[in-house]
Protein chains: 2
Amino acid sequence: MATQGKRTRIEDIRRIELIAAAHRVFLEHGLQGMTSARICREAGMSPGILAYYFKGKDEVLFGMVRYNNRLLMEDVIARLSAAPTNWARLEAIVEGNFPSQAFTRAIASAWMSVCAEAGVNEQYARLQQLFHRRLRSNLASVFDGMFDAARLHEASLIIAALIDGLWLRKAVADDIGRDEAITLVFRGIHSLVSDKEEQRLRYPPGREPKQAAAGRRRRL
Amino acid sequence: MATQGKRTRIEDIRRIELIAAAHRVFLEHGLQGMTSARICREAGMSPGILAYYFKGKDEVLFGMVRYNNRLLMEDVIARLSAAPTNWARLEAIVEGNFPSQAFTRAIASAWMSVCAEAGVNEQYARLQQLFHRRLRSNLASVFDGMFDAARLHEASLIIAALIDGLWLRKAVADDIGRDEAITLVFRGIHSLVSDKEEQRLRYPPGREPKQAAAGRRRRL
DNA sequence: CAGAATCTTGTACGAGCATACAAAAATCTT
DNA sequence: AAGATTTTTGTATGCTCGTACAAGATTCTG
């Protein structure tokens, strides 16, 4: 409160460095192997530093999950706002949920450990639920008008679950690549929506086919 | 080797009791909270007993996962062999993957913790892969003849991933019930296969509609 | 029933971990 | 530059958990 010129800056820097280090450790060793000492070593600092900038390890962990989710969301948001058609929006959502360099077994298994923890720890659960809701509402906004309310709910849930299930398989068996996963999700979408509706996705209403145009954006 | 009359019997009994106790602890506390002491207490034995009958905790854990998977598989196998039509076989597979009393948040989160561990520990991975392969080959046997090889692969993978994804959502958000989950999987199946093919599932070839008959069984 | 084999108990040891903290180093202030 | 403040270090403490083990209880055997 008294000083803001330097103190807050260094403090914020260290906190971010530690969270970023925690993120790297997390992606390599999972939630389980994410020990205080390892985080500090990864950040190139002394083991005691964590207690100086954070109340405890849980605070770092929590910040890390938020950091991770923010990274993913920002990517999807950027792609969404640049998408000209609803179909492009759909591609943005699906591809954004399989980040190019991140569809890795190690990352999938780290992600699984967060989901396992979310089953027990209500704070993690809330973070994941936020994430899930965002995915589903993004999907629903693209599908809007194609189904009645109940089917809309169902379709977005099916696609969201399909995406999660593919991540789970990646963690367990690692028998699927990024492009394959994306193809499978689109196969699922394709079979859920009728051909006529799929055309409406590819070419926004009021425009000729073959001529892409900026679809109205409903949600970010 | 020398004595088999009593020794092996008591030994097997204790091992099974401990594994069953481990299973109960696992379902309640997850892989993380599954401590040696808790397992022994749950089994009504002394904390040291575990080291007498097992080489270490990992052996109990491993046996527990096998025990769990066997329970699930036996249920599916029993339903499968009693199924008169391919459609009934499909119902057996899908419903067997959402056991009546077991589609619980606690159980889902315990299951997630195994998947997370499988990403790191190759032994768990193999167990889960076995499980996944069985599910997919069961699905594929029902769908056989409806798709070409590539699409068959895709369809079984999509449905299997959808099932896993619904379990994951159960762990994280607990916003879905057993019947709802089964309905969603069938919605996915319905949209993947054509109406004509779906009829072929419901009524085996060579039989009149409305008259259920025993379909030939392809796989167990 | 005595002695041996088997089974069970309770405890003790050590490893790994989160956290607290005193001392050292660095930085800022005047 | 001297003193005050902030930042960093290294270590110590206490806790949880897996495992080993000696001693006690039970069952088997002759």
Side-chain angles (χ1 to χ4, degrees), chain A residues 1-23 25-26 28-65 113 116-117 120-121 123-124, chain B residues 1-22 24-26 28-65 110 113 117 120-121 123-124:
Chain A
M1 265 207 197
T3 60
Q4 281 190 331
K6 268 281 164 85
R7 176 149 55 185
T8 49
R9 184 166 310 171
I10 251 283
E11 181 165 331
D12 286 353
I13 288 175
R14 287 290 172 275
R15 286 175 68 97
I16 290 173
E17 282 177 343
L18 281 169
I19 284 180
H23 186 237
V25 172
F26 166 70
E28 191 175 359
H29 299 283
L31 207 59
Q32 179 78 281
M34 196 174 144
T35 159
S36 304
R38 249 206 277 256
I39 294 170
C40 295
R41 183 151 18 97
E42 174 70 31
M45 304 178 196
S46 153
I49 200 75
L50 202 149
Y52 185 73
Y53 286 110
F54 292 91
K55 208 173 54 187
K57 189 195 161 194
D58 284 350
E59 203 177 309
V60 192
L61 259 157
F62 204 66
M64 187 274 296
V65 176
S113 60
E117 190 64 20
V120 173
N121 186 326
Q123 288 202 300
Y124 288 102
Chain B
M1 262 202 204
T3 60
Q4 282 190 331
K6 269 279 162 92
R7 174 147 59 186
T8 48
R9 184 165 311 172
I10 252 282
E11 180 164 333
D12 287 354
I13 288 176
R14 289 289 172 275
R15 285 176 69 97
I16 290 174
E17 282 177 343
L18 281 169
I19 285 179
R24 291 193 298 275
V25 171
F26 165 70
E28 190 175 0
H29 300 283
L31 208 59
Q32 178 79 285
M34 195 174 144
T35 160
S36 304
R38 250 205 276 257
I39 294 171
C40 296
R41 182 150 19 94
E42 174 69 30
M45 304 178 196
S46 152
I49 200 75
L50 201 149
Y52 184 74
Y53 286 109
F54 292 91
K55 208 174 55 189
K57 187 193 161 196
D58 284 350
E59 203 177 308
V60 191
L61 258 157
F62 204 67
M64 187 273 297
V65 175
S113 60
E117 190 64 20
V120 173
N121 186 326
Q123 288 202 300
Y124 288 103

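Scope of the values below: all heavy atoms of this structure, side chains included, with no hydrogens, waters or symmetry mates. Convention: sequence-line order gives letters A, B, ...; per-chain numbering from 1. Small disclaimer: the values here were computed from a predicted structure and weren't measured.
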Partner set under side chain to side chain contact (heavy atoms under 4.5 Å, CB included) for B:Asn121, not counting sequence neighbours:
B:Glu117, B:Gln123, B:Tyr124

Length of the line joining A:Ile49:CD1 and C:dC21:P, which is rounded to integer Å
16 Å

Whole-Å distance, A:Leu18 CG to D:dT8 C1', equals 12 Å

Table please: side-chain donor-acceptor pairs of residues 14-21 of chain A below 3.5 Å, with sequence neighbours left out.
from: A:Arg14; atom 1: NH1; to: A:Glu17; atom 2: OE1; distance (Å): 3.1
from: A:Arg15; atom 1: NH1; to: A:Tyr53; atom 2: O; distance (Å): 2.9
from: A:Arg15; atom 1: NH2; to: A:Glu59; atom 2: OE2; distance (Å): 3.3

Interatomic distance where CD belongs to A:Glu11 and C1' belongs to C:dT27 [whole Å]:
16 Å

So if I define the base as every atom that isn't primed, P, OP1 or OP2, how would nucleotides 11-19 of chain D read as a B/S/- string at a heavy-atom cutoff under 4.0 Å?
B-----SSS

Answer with base, sugar-phosphate or nothing: what part of the nucleic acid does A:Phe54 contact at a heavy-atom distance below 4.0 Å?
nothing

Report yes if at least one side-chain N or O of A:Tyr52 is closer than 4.0 Å to OP1 or OP2 of D:dT8; otherwise report no.
no

Please tabulate, one pair per line, all N/O donor-acceptor pairs under 3.5 Å involving side-chain atoms of residues 33-43 of chain B, not counting sequence neighbours.
from: B:Thr35; atom 1: OG1; to: B:Ala37; atom 2: N; distance (Å): 3.4
from: B:Arg38; atom 1: NE; to: B:Gly33; atom 2: O; distance (Å): 2.9
from: B:Arg38; atom 1: NH2; to: B:Gly33; atom 2: O; distance (Å): 3.1
from: B:Glu42; atom 1: OE2; to: B:Arg24; atom 2: NE; distance (Å): 2.6
from: B:Glu42; atom 1: OE2; to: B:Arg24; atom 2: NH2; distance (Å): 3.4

To the nearest Å, how far apart are B:Ile10 CD1 and D:dC28 C1'?
13 Å

Residue B:Met45, side-chain atoms from C-beta onward, closest of C:dT8, D:dT8, C:dT9:
C:dT9

Whole-Å gap separating P (C:dA18) and CD (A:Glu59)
15 Å

Quick one: ring-ring contact (aromatic ring centres under 6.0 Å, His included) partners of A:His29, sequence neighbours excluded?
none

Rounded to whole Å, how long is the line connecting atom CG of A:Asp12 with atom P of D:dT7?
11 Å

Over how many whole Å does the gap from A:Arg41 atom CZ to D:dG10 atom P extend?
13 Å

Mind checking side chain to side chain contact (heavy atoms under 4.5 Å, CB included) for A:Tyr52 and listing every partner two or more places apart, or none if nothing turns up?
none

Taking every heavy atom of A:Phe26 against every heavy atom of A:Ser113, the minimum-distance pair comes out as CE1-OG, 4.0 Å

Short side-chain N/O contact to D:dT8 OP1/OP2 from A:Tyr53, under 4.0 Å
yes

